[in-house]
Amino acid sequence: MNCIFCKITNGEIPTNFHYEGERVIAFADLNPQAPTHLLLVPKSHYENAAELAKGDPNALVEIFSAAEQLAREFNLEGYRTVFNTGAAAGQSVFHAHLHLLGGRAFSWPPG
Ligand code: AMP
């Protein structure tokens, strides 16, 4: 399988990890949409958040506790977390990942 996030999680593509735990890593998004834009990614391959919830719910728990820890480390006053699911919703990498965005004001509804 030619999955870019599998290559990052297994070290094939050297990447600076801001967090590494038992099941999850976090690294900076290549194309940041906010002053802080991190991706929290399970080490195991699941196509999207729902598949991850079915296959490894503990990874989802770790993703959200790591997001909270990172938000504190990056001094974010508030933050937005996003899972895009499906190309129609903007998913472009089909290995589940949580976007963690902060450091600017956010509007609602999102674009
Ligand atoms: P999504 O569109 O929700 O699937 O998000 C995929 C995200 O991965 C996008 O925000 C991309 O900028 C980001 N991305 C793609 N390739 C890399 C990479 N090699 N390193 C860091 N971020 C990446």
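When a ligand or atom number is given, it counts from 1 through the structure's own listing order.
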Quick one: look at [X] and ligand 1, take heavy-atom pairs under 4.0 Å, and tell me if it's side chain, backbone, both or neither.
X   : result
Q33 : neither
F83 : neither
F27 : side chain
L39 : side chain
V82 : neither
L30 : both

Does a side-chain N-to-carboxylate-O contact under 4.0 Å join E22 and K43?
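Looking at K43 together with E22, the answer is no, because their closest N to O distance does not fall below 4.0 Å.
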
Do me a favour and list the nearest non-hydrogen protein atom to [atom] with residue, atom name and distance?
atom                    : result
atom 19 (N) of ligand 1 : I8 CD1, 3.8 Å
atom 4 (O) of ligand 1  : S92 N, 2.7 Å
atom 12 (O) of ligand 1 : D29 OD1, 2.5 Å
atom 6 (C) of ligand 1  : H97 NE2, 3.4 Å

Apply the side-chain contact (heavy atoms from CB on, under 4.5 Å) test between T81 and each candidate in I63, L101, L100; give the one that qualifies.
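Between T81 and the candidates, side-chain contact (heavy atoms from CB on, under 4.5 Å) is satisfied uniquely by L100.
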
In this structure, which one of L40, L39, I8 forms a side-chain contact (heavy atoms from CB on, under 4.5 Å) with I25?
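Option passing the side-chain contact (heavy atoms from CB on, under 4.5 Å) with I25: I8.
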
Strictly under 6.0 Å, is that where the ring centroids of H95 and H97 end up?
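No, too far apart.
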
Aromatic contact between H45 and F5, with the criterion being ring centroids under 6.0 Å apart: yes or no?
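Ring-ring flag for H45/F5: false, centres at least 6.0 Å apart.
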
Just jot down the ligand 1 atoms closer than 4.0 angstrom to any heavy atom of [X], in number order.
X   : answer
N31 : 12 (O)
G90 : 1 (P), 2 (O), 3 (O)
F5  : 8 (O)

Using modelled atom types and a 3.5 Å cut-off, is there a donor and acceptor pairing between side-chain atoms of [X] and backbone atoms of [Y]?
X   : Y   : result
E47 : F94 : no
Q91 : A89 : no
D56 : L52 : no

Nitrogen or oxygen of H37 less than 3.5 angstrom from that of ligand 1:
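No; every N/O pair is 3.5 Å or more apart.
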
Can you find a non-hydrogen atom of A28 under 4.0 Å from ligand 1?
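Yes, A28 has a heavy atom closer than 4.0 Å to ligand 1.
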
Which of parallel (below 30°), tilted (30 to 60°) and perpendicular (above 60°) describes H37 and H99?
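Correct class here is tilted.
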
At their closest point, which heavy atom of H18 faces which heavy atom of E73, and how far apart are they?
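Shortest heavy-atom contact: O-OE1, 4.3 Å.
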
